[in-house]
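Step one of this worksheet: look at the structure below.
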Amino acid sequence: MSVTQDDVVKIAHLARLAIDETEMQGYADKLTQVMDMVEQMNAVDVEGVEMMSHPLNMSQRLREDEVTESNHRDDYQAVSPSVENGLFLVPKVIE
Amino acid sequence: MGWEVVIGLEIHAQLTTKSKIFSGSSIAYGAEPNTQASLVDLAMPGMLPVLNKEAVRKAIKFGLGINAEINTTNVFERKNYFYPDLPQGYQISQNDLPIVGKGHLDIENEKGEIKRIGVTRAHLEQDAGKSLHEDFHGSTGIDLNRAGTPLLEIVSEPDIRSAKEAVAYAKKIHSLVQYLEICDGNMQEGSFRMDANVSIRQPGEPFGTRAEIKNVNSFRFLERAINFEVERQIDVIEMGGEVVQETRLYDADKDETRSMRSKEEANDYRYFPDPDLLPVVIEQGFIDAVRETLPELPDQRRARYIDELGMKEYDAGVITASKELADFFEALLEYSGNEAKLAANWVMGDFSAQLNREETELADSPVTAQMLGQIIKRQADDTISGKGAKDVFFAMWNGEGDDVDALIESKGLKQVTDTGAIEAFVDEVLAANPEQVEQFKGGNEKLMGYFVGQVMKVSKGAANPGMVNQLIKKKLS
């Protein structure tokens, strides 16, 4: 399966990545190679093999329901470019 | 030609845990902005989510409450989209393998029939933060206290056929989550939010294209939003147009739904298993332990009221729909000596009316179950009349005292139940009205009411009306 430049534009947009026009073909070629490898794997007979959602054959540890975090707002907001009244400010989002 | 309406609901219920689904931050409502947002909630690099056991327990409890399959292996996935109140850039949710599989729930529709509505699934996910769009010199303010609050998203089958059925279903879920004590159901605070998928078709045809109405937070608005949307779709189709699949917002002020066209490619969520979270494996023993904690559910409680207390179906339905109201009713039974009928009349009648009139929540009622139970007890043993009971109730509401017997005494509400005393009142009235007595004997039985009224007047309202009735009948027969 070949990945076109249009596909790259779309994927980059979904991931909010800025990709230079000159790099487009390079990405398209590399992603095509990835898809080719997936195609190759598709050919493997996996009949009777249980699907895994994670490479580790373990299950999720559960946490007790306890409040363990305290307020560190000032520390956390110190690295934020813009805050006001305890809120993070971001460019206007219109619903 | 008649259109058939097809509706499916997605309900988001915030789970009443103490901490967030993947972090140890508090989820208490109303805190100062961003004081309950930890490094995990802020999605700082290198942070790892760890699943809250209580959220899992509450989701299982819901599943058992709707007779659903519990998926003993379930998986968290990333639902990718960009929005500033979602710092991760994806919502951790469940897609292919949700914790709760197929279940169902019975509702009563507008024809009074019991109808079974399928629940496709219910899955765990994290809530987003809040965007505040006003007043920040052209910027949007972000509060991430809510980010990471555990949500259970409950998805129905498209089995619902009218706005009224949708409301009945939503109310049933709302009642159920409160009975199960997994969600506080507070709609003003956003603890319980509804999305409706609405489409129309000619009966027998395949489903039409649906529009999704987002974030409705009252049952009244849900009904209005669906009715508006149905009319809109009928107009579109009958004018020769086509319904487009889209997200719409309900504007309560204008009573209309509006297209939300802002998010292009909004539906390209690119779900994939979250590599930060391993599959959740639930032991059968854990499920059994949760099952042990299931309370009596609304349908069971309603059946018990009908079978054991002899209540009317309608009354039992109204009272058990709200756990709080039903608990109050049962407290009344305890304090009144099991006077079910009187207690039901109070709960559905004067008591509820007074709460409404004064815009008071049940929990804030100045008349407690114990106080009202005592009133009912005195009403049942004929110490006071129905009217006297109301007088005591209003006196208590207005803070005149909390001892029923003392109020009956001080207000002179004690009924005269002494036959001799009532007989004297009756004799006095009959003697004073010879003409009416003649007419009554001549067949004008309507005068009974007149006699009773006169006796009540002479006794200053203290005579027991039932006894007055009996005595007049006896004397004039």
Side-chain angles (χ1 to χ4, degrees), chain A residues 1 3-4 6-19 31 34-35 38 41 46 49-95, chain B residues 17-20 22-28 31-42 44 50-57 73 75-77 80 82-85 89 96-97 131-133 136-144 249 260 262 265 268 270 273-275 277-281:
Chain A
M1 186 196 154
V3 176
T4 64
D6 284 349
D7 294 328
V8 176
V9 170
K10 188 184 171 203
I11 295 163
H13 171 70
L14 284 171
R16 300 295 188 275
L17 295 173
I19 291 181
L31 286 170
V34 173
M35 296 309 287
V38 172
M41 289 196 289
V46 291
V49 179
E50 206 177 320
M51 196 168 70
M52 291 174 82
S53 63
H54 200 281
L56 291 180
N57 192 18
M58 292 163 62
S59 63
Q60 176 63 32
R61 188 174 73 81
L62 302 181
R63 203 185 86 240
E64 291 302 321
D65 180 27
E66 279 159 13
V67 175
T68 53
E69 294 286 341
S70 50
N71 175 21
H72 292 289
R73 185 176 72 184
D74 292 345
D75 299 334
Y76 300 160
Q77 292 195 332
V79 296
S80 180
S82 182
V83 292
E84 187 174 315
N85 299 333
L87 296 162
F88 295 97
L89 294 191
V90 299
K92 186 93 185 161
V93 189
I94 295 163
E95 282 271 313
Chain B
T17 52
K18 295 202 261 307
S19 64
K20 292 189 177 176
F22 297 119
S23 84
S25 302
S26 168
I27 64 161
E32 283 292 304
N34 293 308
T35 55
Q36 293 173 175
S38 70
L39 293 170
V40 172
D41 310 320
L42 297 175
M44 287 296 177
V50 186
L51 182 58
N52 184 338
K53 187 176 189 177
E54 186 63 15
V56 173
R57 208 181 69 79
T73 299
V75 171
F76 282 95
E77 303 199 25
N80 298 277
F82 278 102
Y83 208 73
D85 56 25
D96 277 347
L97 277 171
S131 301
L132 303 155
H133 297 287
F136 297 102
H137 355 277
S139 296
T140 293
I142 304 290
D143 175 9
L144 296 172
L249 269 186
M260 246 178 94
S262 61
E265 297 178 275
D268 200 345
R270 295 151 294 140
D274 190 330
L277 287 153
L278 291 154
V280 182
V281 176

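A, B, ... follow the sequence lines: proteins, then strands. Residue 1 opens every chain.
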### Summary
Correct closest heavy-atom pair for Val75(B) and Pro273(B) would be CG1-CB, 4.3 Å
### Message
Is it the case that the side chain of Arg61(A) and the backbone of Leu278(B) share a donor-acceptor pair, with hydrogens and angles ignored and the cut-off at 3.5 Å?
### Response
no
### Task
Against chain A, label Leu97(B) side chain, backbone, both or neither, depending on which of its atoms sit under 4.5 Å from a heavy atom there.
neither
### Query
With distance as the sole criterion, is a donor-acceptor pair present between the side chains of Arg63(A) and Thr68(A) under 3.5 Å?
no
### Query
Any sub-3.5 Å donor-acceptor pair from Gln36(B)'s side-chain atoms to Ala28(B)'s backbone N or O?
yes
### Side chain, backbone, both or neither of Phe22(B) within contact of chain A (heavy atoms, under 4.5 Å)
backbone
### Message
Counting only non-hydrogen atoms closer than 4.5 Å, does Val56(B) touch chain A with its backbone (N, CA, C, O), its side chain (CB onward), both, or neither?
### Response
side chain
### Query
Is it the backbone or the side chain of Ser23(B) that comes under 4.5 Å from a heavy atom of chain A, or both, or neither?
backbone
### Where Gln77(A) and Asn34(B) come nearest, the two heavy atoms and their spacing
NE2-ND2, 3.5 Å
### Message
Can you tell me which of Ser59(A), Ala15(A), Pro91(A) forms the most heavy-atom pairs within a distance under 4.5 Å of chain B?
### Response
Ser59(A)
#### Entry: Pairs touching residues 52-74 of chain A that satisfy ring-ring contact (aromatic ring centres under 6.0 Å, His included), sequence neighbours left out
His72(A)-Tyr76(A)
### Query
Going by atom types only, do Asp41(B) and Ser25(B) share a side-chain donor-acceptor pair under 3.5 Å?
yes
### Task
Name the member of Thr35(B), Val281(B), Thr17(B) that forms the most heavy-atom pairs with chain A at distances under 4.5 Å.
Thr35(B)
#### Entry: Contact origin within Pro279(B) toward chain A - heavy atom pairs under 4.5 Å
both
### Summary
Turns out that what part of Leu42(B) lies under 4.5 Å from chain A's heavy atoms comes down to side chain
### Query
Among Val67(A), Asp65(A), Asn71(A), who wins on heavy-atom pairs under 4.5 Å with chain B?
Asp65(A)
### Task
Identify which of Arg57(B), Glu32(B), Glu54(B) forms the greatest number of heavy-atom pairs closer than 4.5 Å to chain A.
Glu54(B)
### Message
Restricting to non-hydrogen atoms, name the atom on Met52(A) and the atom on Pro55(A) that form the minimum distance, rounded to 0.1 Å.
### Response
CE-O, 3.8 Å
### Task
Give, as side chain, backbone, both or neither, the part of Asp96(B) having an atom under 4.5 angstrom from any heavy atom of chain A.
neither
### Region of Ile27(B) that comes under 4.5 Å of a non-hydrogen atom in chain A
neither
